[in-house]
Amino acid sequence: MIRGSFYILFFYFLGEMLSKLIGGFIPGSVLGMVLLFLSLYFKIVKPESVKDVATSITKNMAVFFVPAGVGLMVYARLVSESLAAILIAIAGSTVLTIITVALVQENFEKRRAKNKEVKE
Amino acid sequence: MNDFLDNIRPYLSTEVFLLALVLGAFYLGIIIYQKTKITLLQPLLTAMVIIIPFLLITDIDYQTFYQNTRILNFMLGPSVVALGYVLYEQIGHIKGNVVSILTAVFTGSVVGIASVVLIAKVLGADKMLMASLAPKSVTTPIAISLAEQTGGVPALAAAFVVICGIFGGLVGPIVLRRIGIKSKIAKGLAMGSASHALGTARAMEMGALEGAISGLAIGIMGIMTALLIPFAENLF
């Protein structure tokens, strides 16, 4: 528990430092994720040491969004003035993004499966 | 009634009460979601529907609420870092998919940014609104800095990220079923690319592989979007 939390905060901190170094356009948490992954992959950190903490906090991620979500109340007026445009744009674009990403990835996988069949 | 509220407000404005309120409301949300299985009744939405009116009625301002619950907001960072472990667990499934994953997320990022900006433009949104909308699919800390870069409002960008996350989490699984996606990697990748950590929370429900890939997608999408946003400015 303590060891796992320490490792996660340690890599978060390293990520934040690295983020500052490159001008901040990739957030520290994302860089921390990559660093933690690499440390596990190259066996610098034992997987058992972070397993419990990592599993429990990633399983319940949505609860960490509550403070930001409640923040919508502050922008209620600003948002409600252009509500229809905002919602249509977000909804349409989100669906398009989901479809694009899923289709591109699935087609890659199908093509590779077909190539395998041909070879065999 | 007002006297009563004035008397108890100091107790309601404390860290311990507001944190308990958030966790209690979210827990209630989980119970409702598990009992009804209605996709719209996401615990996050239930919690918001309970907490926002509560704050309005008790006249506790958002700043006070945010200050006292900031530990939860802070946890967004470590939870993204922890996805590194989930990814490591699933690494076997990613091997051989690196090129397709990068291509898929890059295409998704282009489509996502261009479509949200263009739809908003057609519907009469101004530059400030478009700049705040453009980074909607990435995780909050990235979205805020990107919106700032291009003349958007950070707080609005954060709000749009949440709306996009809730919406994608809701309809994502339905859309994926509709278009007949079978690949677990494709499903996870789509959820994380379109709806960041909230999409990932839903992808986690689909399975560990979907969740891990979705977590990976948050990172890649964040990086791709950061690189693409400067070009998106030409669309405004």
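Letters A, B, ... are given to chains in the order of the sequence lines, protein chains preceding strands, and every chain is numbered from 1.
For chain B, the nearby parts of A/L103 are the backbone and the side chain; heavy atoms of each come within less than 4.5 Å. B/A120 touches chain A through backbone and side chain together, each having a heavy atom under 4.5 Å away. Residue B/I91 touches chain A through its side chain alone, counting heavy-atom pairs closer than 4.5 Å. For a residue to count as touching a neighbouring chain, one of its non-hydrogen atoms must lie under 4.5 Å from one of that chain's; by this rule B/V116 touches chain A with backbone and side chain alike. When heavy atoms are compared at a cutoff of 4.5 Å, A/T94 approaches chain B by way of both its backbone and its side chain. Heavy-atom distances place both the backbone and the side chain of B/M75 under 4.5 Å from chain A. Looking at A/L40, the atoms closer than 4.5 Å to chain B (heavy atoms on both sides) sit in the backbone and in the side chain alike. In this structure, no portion of A/K59 lies under 4.5 Å from any heavy atom of chain B. Residue contact with chain A, scored on non-hydrogen atoms closer than 4.5 Å, involves the side chain of B/L129 exclusively. Proximity to chain A (any heavy atom under 4.5 Å) is shown, for B/E205, by neither the backbone nor the side chain. Only the side chain of A/V79 comes within contact range of chain B, with at least one heavy atom under 4.5 Å from a heavy atom of that chain. Contact annotation for B/F26: only side-chain heavy atoms (C-beta onward) come within less than 4.5 Å of a heavy atom of chain A. Contacts between A/V70 and chain B at a heavy-atom distance below 4.5 Å involve backbone atoms as well as side-chain atoms. Proximity to chain A is limited to the side chain of B/L23, based on heavy atoms less than 4.5 angstrom apart. Using a 4.5 Å cut-off between heavy atoms, B/L198 contacts chain A through both its backbone and its side chain.
Taken to the nearest 0.5 Å, the CG atom of A/L96 stands 6.0 Å off from the CD1 atom of B/I119. Going from atom OH of B/Y85 over to atom OG of A/S49 covers 9.0 Å, rounded to the nearest 0.5 Å. Here the CD1-SG distance, from A/I86 to B/C164, works out to 13.0 Å after rounding to the nearest 0.5 Å.
Judged by distance alone, with hydrogens and angles left aside, the side-chain atoms of A/Y12 form no donor-acceptor pair with the main-chain N or O of B/S79 at under 3.5 Å. Between the side chain of B/R70 and the backbone N or O of A/P67 there is no donor-acceptor pair closer than 3.5 Å. Of the possible polar contacts, one joining the A/E106 side chain to the B/K182 backbone as a donor-acceptor pair under 3.5 Å is found. Counting only distance, with no hydrogens or angles, the side chain of A/S93 and the backbone of B/G112 share a donor-acceptor pair below 3.5 Å.
Inspection of the A/E109 and B/S183 side chains reveals an N or O donor paired with an N or O acceptor under 3.5 Å.
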* Worked check of side chain to side chain contact (heavy atoms under 4.5 Å, CB included) between B/L133 and A/I90 -> CA-CA 8 Å; B/L133 277 168; A/I90 291 180; 3.6 Å; yes

* To do: Assess whether side chain to side chain contact (heavy atoms under 4.5 Å, CB included) is satisfied between B/L76 and A/S29, documenting all intermediate values.
  => CA-CA 8 Å; B/L76 279 172; A/S29 58; over 6 Å; no

* Asked: Stepwise, does the side chain to side chain contact (heavy atoms under 4.5 Å, CB included) test hold for B/T103 with A/Q105?
  -> CA-CA 8 Å; B/T103 315; A/Q105 172 64 27; over 6 Å; no

* Taking it one step at a time, do B/L83 and A/M61 satisfy side chain to side chain contact (heavy atoms under 4.5 Å, CB included)? -> CA-CA 10 Å; B/L83 286 171; A/M61 268 178 108; 4.1 Å; yes

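A heavy-atom distance below 4.5 Å is not found between the side chains of A/V63 and B/P43. Put simply, the side chain of B/H196 reaches to within 4.5 Å of the side chain of A/F65, judged on heavy atoms. A 4.5 Å side-chain heavy-atom check between B/L123 and A/I88 finds at least one atom pair inside the cut-off. Between B/F167 and A/L87, every side-chain heavy-atom pair lies at or beyond the 4.5 Å cut-off.
For the options B/I179, B/N97, B/V153, heavy-atom pairs under 4.5 Å to chain A are most numerous at B/N97.
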